[in-house]
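Just below is one structure, and these are the notes that go with it.
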Amino acid sequence: AQSSFASYCVTPARSAVKVPRDVPLDQLGPLGCGIITGAGAILEAFRLRPGQSLAVFGVGSVGLAAIMAAKIAGAERIVAVDVDPARLALARELGASEIVSSGDRVGGALSEIEPYGFDLSFNTTSVPAVFDAALNCLAVEGTAGFVTRPRGDWTPNMNFLLSGRRLQGVLGGSAAPQLFIPLMINYWRQGRFPFDRLATSFDFEDIDAAWAECTAGSAIKPILRMSAA
């Protein structure tokens, strides 16, 4: 039984990423999921160019990573859209040029910011109405990226797609972890990608508190620390 259990604990070599010894290992876990998805979407899937504009819908770990990456890439305008004032404030600190509170007037607010539309939008939510907003805010030949399917029925507006606009699914940020995780660590060392600001650490025995804060949205990326026995 012991050998059988051990076989499940072995990480395949192709799934492991070598990182520098001097980085805080306990902080690196989130890089392999939400943060690589958000940053990779901007730098790898979209290949955002300097001077382009971006609207990010939902600023949890994926959206905030996208905002930090867009700032690195040289986006001229980065707009964060969310319902949570605290997360919008953090998005501003991490690189958003404007913030918009979600609601019925999102479309109008985005049009005031970019009258001719955004080059890119990035939807990290599963809300059908947000899929509409992320598509409707685009400029001609703009791209709307998304990371999960709509929760419920949703049909894209064909009139907008006929204007050369595109819908692009993003899987894992379209990034190779063995290359992209070291890149994110380098950006972090330079002070340009402070992903550690998204993390809140908990002792493993406080797992219930971690889950509660994650569910409430007060902890963006909970990290559980297990002490060696």
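Everything quoted here is computed from the prediction, not taken from an experiment.
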My understanding is that only residues two or more places apart in sequence, or in another chain, count here; which of them pass side-chain hydrogen bond (donor to acceptor under 3.5 Å, both in side chains) with [X]?
| X | answer |
| --- | --- |
| Asp206 | none |
| Glu93 | Arg197 |
| Asp132 | Trp154 |

Hydrophobic cluster membership, Leu179 vs Met184, 4.5 Å side-chain cutoff: no

Transitive ILVMFWY side-chain link Leu162 to Leu138, under 4.5 Å: no

Which residue pairs satisfy the salt bridge (charged side-chain N to carboxylate O under 4.0 Å, His left out) criterion with at least one member in [range], sequence neighbours excluded?
| range | answer |
| --- | --- |
| residues 73-82 | Arg77-Glu98, Arg77-Glu114 |
| residues 207-221 | none |
| residues 167-195 | Asp22-Arg189 |

Leu161 atom CG, over 12 foreign heavy atoms within 6.0 Å: yes

Pairs involving residues 136-148, ordered by first then second residue, that meet side-chain hydrogen bond (donor to acceptor under 3.5 Å, both in side chains) (sequence neighbours left out): Thr143-Arg166

Pairs flagged by side-chain hydrogen bond (donor to acceptor under 3.5 Å, both in side chains) wherever residues 115-124 is involved - sequence neighbours left out: Ser53-Asp119, Asn123-Thr125

Co-members of Val79 in a cluster of I, L, V, M, F, W and Y side chains, linked at under 4.5 Å: Phe57, Val81, Val100, Val106, Leu110, Ile113, Phe118, Val127, Val130

Val83: hydrophobic cluster co-members (side-chain, 4.5 Å):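 Hydrophobic cluster check, Val83: no partners found.
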
Salt bridge (charged side-chain N to carboxylate O under 4.0 Å, His left out) partners for Asp26, two or more places apart: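 Only Arg225 meet the salt bridge (charged side-chain N to carboxylate O under 4.0 Å, His left out) criterion with Asp26.
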
Test side chain to side chain contact (heavy atoms under 4.5 Å, CB included) applied to Lys71 - qualifying residues, sequence neighbours left out: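 Expected list: Ile78.
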
When you compare the side chain of [Y] with that of [X], does any pair of heavy atoms fall below 4.5 Å?
| X | Y | result |
| --- | --- | --- |
| Leu64 | Val59 | yes |
| Phe180 | Leu31 | no |
| Arg105 | Glu112 | yes |

